[in-house]
Structure formats: structure tokens, C-alpha cells
Asks: 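The structure is given below, and queries will be raised subsequently.
In each ligand, atom 1 is the first atom listed, and ligand 1 is the first ligand listed. What you see is a predicted model; the values in this text were computed from it and never measured. Note that these values count all heavy atoms, side chains included, but never hydrogens, waters or copies made by symmetry. Residue numbers count from 1 along this sequence.
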Amino acid sequence: MDMPFAPEFEAEMLENQRQLDKLFGSFNGIIVVDEAYQDFTENMSFIKRLEDYPNLVVLQTMSKAHGMAGARVGFAFSSPEIIELFNRTKPPYNVNELSQKAVLEALQNEEKTKSEIQEIINNRDFLVEHLNSFNFIKEVYPSEANFILAKVENATQVYNYLRDKGIIIRNRSSQIEDTLRFTVGTMMECKAVITALREIKEI
Ligand SMILES: *Cc1c(COP(=O)(O)O)cnc(C)c1O
């Protein structure tokens, strides 16, 4: 995949990386990195840094790229010392056997997972491109996840309009002024939201 970032965003990420390295090396407690969206990015997973930092815990999940939120399965990667602590408390609350089976099966079907992830990335590109074409959409923020945040004029009105058409997105305006969050769905869903937005002139 081509780097989709604006150069200033890339510079910011490198700077973040440097700051994190500094933090990891000097912090005396356990540091947890949540990589719920790792499957949708080309950026390096912190799993590669586990050997450098024994106080690092990396979390990943089957809920997003694998679409298995119902199985309630995630992974923790860390040093043997920290994993040993987990193992001491885990047995009574362990992941149930049916979920374990389903996850192992899903992980064996690597080709299917890869093509599903690629579809989400393609659909994300499609959404970004089309969202950028509306003049009432002021900014589409870079995304390395399965959702897109956009700055939208009269965001709440747009949100209500889509909701009334049966299209549910997320209104994030109470956290970041005039922003909407679009989860990347199937191509049909992406096209439906773009078509609905095109009709917005009429409201
Ligand atoms: C989805 C998500 C998770 C993991 O969710 P589970 O379904 O509990 O595995 C963790 N962090 C973030 C930021 C998420 O969006």
C-alpha cells in the first residue's frame, strides 16, 4: 500500500514514535499499547519492540479485522514475566472453548482474512475520495483504521438526515466540534452513504 499520509502527518508520527521510545525506556511501570486497528495499517506493530522493553504489553483483538466481536477474544503479547502473571489469574475467566475453536479456525484461513482486510482498505480509500468531493465536508482526517473521521458543516443536521434515511454513522461533535465518524462497511454501504450525501442539497 502507498503511504496515504500527508508529509506533515508522517513527520508527526515519527516524532510520536521518538517520544514513545523515550517513554518506554524511562517509565517504571507497565505500558499497554492497544493495537485494535493494527490489521488496517502498514505501520509497525509494537510486537517488534517486545524484546527491547520487558515492561511492554501489546493488545490485539479478533473483534475488528476478523469481525469476531461476538467471540470476545483478544491477545496480549508481552515478556514471559508479565504473561506469567496473567496466567496466574486467568484460568477461571479464560476464553470459552467454542470461541477458542472459532478463532483458531479463522486464523488458519489467512487468505480469507487478507482479502477481507484488503476490501476494507479499498472501501476506505473509496470513502475518503468521495467524502473529499463534498464542499460541506471541510476535512477528512487520515485514517489507518476501519473508520474515517471528517469535519462536516452542520454535522448534527447531516447526522440526523442520514439517520432518517436509515444510515447510522456516529456523531462525534460532542467530543470534537462538527465531526462525524464513518465506519467503513461493504462497497454497497459506502455507495449508499455517498448517494445519500449527494442528495443533501435538497434538504
Ligand atoms: C474494538 C476495540 C478494542 C477491542 O475490543 P474487544 O471487542 O473488547 O476486543 C480495543 N480498543 C479499541 C480502541 C477498540 O476500538
Asks: Look at atom 12 (C) of ligand 1 and say which protein heavy atom is nearest, naming residue and atom and giving the distance to 0.1 Å.
Replies: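 Checked against all protein heavy atoms, atom 12 (C) of ligand 1 sits closest to Asp34 OD2, 3.4 Å.
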Asks: Please determine whether any non-hydrogen atom of Met62 lies less than 4.0 Å from an atom of ligand 1.
Replies: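 Met62 does not count as a contact of ligand 1 under the 4.0 Å cut-off.
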Asks: Strictly distance-based, threshold 3.5 Å: is any side-chain N or O of Asp178 a donor or acceptor partner for the main-chain N or O of Lys151?
Replies: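 Flag not set: sc Asp178 to bb Lys151 has no pair under 3.5 Å.
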Asks: Checking a contact table here: which protein heavy atom is nearest atom 2 (C) of ligand 1, and how many Å away?
Replies: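 Protein heavy atom with the smallest distance to atom 2 (C) of ligand 1: Lys64 NZ, 2.4 Å.
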Asks: I'd like to know if Glu105 pairs up with Lys101 as an ion pair, taking the criterion as any Lys NZ or Arg NE/NH1/NH2 lying under 4.0 Å from an Asp or Glu carboxylate oxygen.
Replies: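 Result for this pair is no, no salt bridge flagged.
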Asks: Starting from atom 9 (O) of ligand 1, find the nearest protein heavy-atom neighbour and note its residue, name and distance.
Replies: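 Checked against all protein heavy atoms, atom 9 (O) of ligand 1 sits closest to Thr61 OG1, 2.5 Å.
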Asks: Only heavy atoms count here, so choose which of Gly70, Ala36, Gly74, Ser63 is nearest to atom 6 (P) of ligand 1.
Replies: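 Checking each option, the heavy atom nearest atom 6 (P) of ligand 1 is found in Ser63.
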Asks: Tell me which protein heavy atom sits closest to atom 8 (O) of ligand 1, plus the residue, atom name and distance to 0.1 Å.
Replies: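 Minimum-distance protein heavy atom for atom 8 (O) of ligand 1 reads Arg72 NH2, 2.8 Å.
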Asks: Under a plain distance cut-off of 3.5 Å, with no hydrogens placed, do Asn171 and Thr156 share a side-chain donor-acceptor pair?
Replies: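 A donor-acceptor contact under 3.5 Å links the two side chains.
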Asks: Ring centroids only, cut at 6.0 angstrom: are Tyr53 and Phe46 within range, meaning strictly under it?
Replies: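 Ring centres of Phe46 and Tyr53 not closer than 6.0 Å.
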Asks: Just wondering, are more than 12 heavy atoms of other shown residues or ligands nearer than 6.0 Å to CD in Glu15?
Replies: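 Enclosed.
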